[in-house]
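Working notes, beginning with the structure itself.
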Amino acid sequence: FRLLDDSPEETLMKALKRAVVCMGLLCAALGAALAFLLQYTPQTMVAADETAVETFVEIPLSQLAAVMIENQHTSYAVMQTPSGPEVISQAQAEYDETQLHALLYAATHLSGSRKNTDASTFANYGIDSPRATVTLHLADGSQCVVQVLITNPIDQNVYMYDAQKEAIY
């Protein structure tokens, strides 16, 4: 509001002064908030099993002889040979050697975000009708068997059952 004895220029100057003071206070408040945030170290409390990665297959490639994958439609194997990976399959097709190396590596390095050992819940994950079975044949003659179960409808990850550890990941 303009006082009767103030000219329009004086009223404008008073309004500008108030605006400058308000901006200065706002800058000081933001500076204090920034200083606080730079000094603040958050202490996040996340449950260990929410962020932990459960590795359930960790085999050096040098110990792998072959990977066999079977489902209700077909089966095939990828063998490690001195000349590189070799596919043994009923289907005749061309295979990219880089992808075969990636498959061998992925099959020997499996992990999940959670581990479930409660056998009473395994039916909920599709244990009764696995989509596929992956058998790792190791150089020492032993095997590691993993079953591919249903897909999680929320995050689209696939549940896997490790028969030796009696756990779903």
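Every value quoted in this text rests on a predicted model; they were computed, and no experiment measured them.
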For [X] and [Y], work out which heavy atoms get closest and say how close.
{"X": "D162", "Y": "Q164", "value": "OD1-N, 3.0 Å"}
{"X": "V67", "Y": "I69", "value": "CG1-CG1, 4.0 Å"}
{"X": "R131", "Y": "T151", "value": "NH1-OG1, 2.6 Å"}
{"X": "Y125", "Y": "L149", "value": "O-CB, 3.0 Å"}
{"X": "I127", "Y": "F122", "value": "CG2-O, 3.3 Å"}
{"X": "N152", "Y": "Y159", "value": "ND2-OH, 2.9 Å"}

### Within-4.5 Å side-chain heavy-atom neighbours: S89 and Y95
yes
### Query
Quick check: does any side chain N or O of E54 sit under 3.5 Å from a backbone N or O of N116, one acting as donor and the other as acceptor?
no
#### Entry: Expected output: side-chain Q80 to main-chain L61 donor-acceptor under 3.5 Å
yes
Consider only side-chain heavy atoms of I, L, V, M, F, W and Y, link residues closer than 4.5 Å, and tell whether [X] and [Y] are in one cluster.
{"X": "V134", "Y": "V87", "answer": "yes"}
{"X": "V78", "Y": "V146", "answer": "yes"}
{"X": "L136", "Y": "V158", "answer": "yes"}
{"X": "Y161", "Y": "I150", "answer": "yes"}

### Query
Does CD in E166 sit with more than 12 non-hydrogen atoms of other residues, nucleotides or ligands closer than 6.0 Å?
no
### Task
Answer yes or no: does atom CE of M79 have more than 12 heavy-atom neighbours from other residues, nucleotides or ligands under 6.0 Å?
no
### Under the ring pair (Phe, Tyr, Trp, His ring centres under 6.0 Å) test, residues paired with Y105 that sit two or more places apart
H109
### Message
Set out, in order, the CA-CA distance, both residues' side-chain angles and the distance that settles side chain to side chain contact (heavy atoms under 4.5 Å, CB included) for L64 and L138, then state yes or no.
### Response
CA-CA 5 Å; L64 181 68; L138 305 182; 4.2 Å; yes
Quick one: pull up [atom1] in [X] and [atom2] in [Y] and give me the separation to the nearest 0.5 Å.
{"X": "Q147", "Y": "N71", "atom1": "CD", "atom2": "CG", "answer": "12.5 Å"}
{"X": "E58", "Y": "L110", "atom1": "CD", "atom2": "CG", "answer": "9.0 Å"}
{"X": "L103", "Y": "T108", "atom1": "CG", "atom2": "OG1", "answer": "9.5 Å"}

#### Entry: Worked verdict on L100 versus L104 for side chain to side chain contact (heavy atoms under 4.5 Å, CB included)
CA-CA 6 Å; L100 294 176; L104 293 172; 5.6 Å; no
